Amino acid sequence: MRTAIYPGSFDPATFGHLDIIRRSSKLFDHLIVAVLNNSAKKSLFSVEERVSMLKMLTADYSNVSVDSFEGLLVDYARRMEAGFLVRGLRAVSDFEYELQIAQTNHVECPGIDTIFLTTSLNYSYLSSTIVREFASYGGDIRQFVPAEIIPLIYGKYNIDKE
Ligand code: PNS
């Protein structure tokens, strides 16, 4: 059984994240989308809200589950008996940081490998930060996130928009 973890903040999940989930779900028997519960970082959505949105957005994938974790990713991966971590690479600027984390995680836990998927070209500019910034000014985010979660995002900024 090949289990992989796709970790992240997902605050909120974007089409870029969903593209990585769709593609990596085909590579593994079980993919766990794991939301980092980091109380030190201020987030727009609570962990519970992010988990619930991701569950709704991945409901069609039978081998994808959604969870949250605290602490070190490698400790969580060991607990879940996952041999792989999945990360998306958008641009060269992502690479240096991701390489460092992947190498550190591998040193800490040699049984775990990080698999990088390059983000589809049409989402290479996209990030949760961009979505939050646009939404906070009432900007159009329909090309960034699924329709189901758009009202939830505007709601966080008290914006009433169709
Ligand atoms: O979506 P993000 O914010 O880019 O995801 C970052 C994440 C959650 C993958 C990363 O911050 C993480 O793994 N945090 C857990 C703590 C940890 O294991 N850090 C690694 C230090 S080398």
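Being a predicted model, the structure only gives us computed values, none of them experimental. We count ligands from 1, going down the list as the structure has it; atoms in each ligand are counted the same way.
For the ligand labelled ligand 1, residue A34 lies outside the 4.0 Å heavy-atom shell.
Of the N or O atoms in L36, none lie within a sub-3.5 Å distance of an N or O in ligand 1. For ligand 1, the polar-atom distance check finds no N/O of Y97 at less than 3.5 Å from any of the ligand's N/O atoms.
Side-chain atoms of S120 never come within 3.5 Å of backbone atoms of N122 as a donor-acceptor pair (strictly under, hydrogens ignored). The backbone N or O of F28 lies less than 3.5 Å from a partner atom in the side chain of N63, making a donor-acceptor pair. A distance-only check finds no donor-acceptor pair linking the side chain of S124 to the backbone of R90 [under 3.5 Å]. In this structure a side-chain-to-backbone donor-acceptor pair under 3.5 Å is present from D11 to F45.
Between R79 and D75 there is no salt bridge, since none of the side-chain N atoms of the basic residue sits less than 4.0 Å from a carboxylate O of the acidic one.
Closest protein heavy atom to atom 1 (O) of ligand 1: S9 N, 2.9 Å. Of all protein heavy atoms, the one closest to atom 21 (C) of ligand 1 is I101 CD1, 4.3 Å.
Side-chain heavy atoms closer than 4.5 Å link hydrophobic residues (I, L, V, M, F, W, Y) into clusters, and following such links, possibly through other members, connects L117 to F15.
Near G71, meaning under 4.0 Å from one of its heavy atoms, ligand 1 places the atoms 15 (C), 16 (C).
In this structure, atom 17 (C) of ligand 1 has a protein heavy-atom contact shorter than 4.0 Å.
By the 6.0 Å contact criterion, CZ on F134 is open, its count of non-hydrogen atoms from other residues, nucleotides or ligands being 12 or less. The local environment of NZ in K55 is sparse, with at most 12 non-hydrogen atoms from other residues, nucleotides or ligands closer than 6.0 Å.
Between V74, L72, V35, T114, it is L72 that holds the heavy atom closest to atom 19 (N) of ligand 1. Considering only non-hydrogen atoms, atom 20 (C) of ligand 1 lies nearest to N105 out of T104, L73, N105. The heavy atom nearest to atom 9 (C) of ligand 1, out of those in E98, R87, E108, is found in R87.
Residue contacts with ligand 1 for Q100 are absent, since no atom lies close enough (heavy atoms, distance under 4.0 Å).
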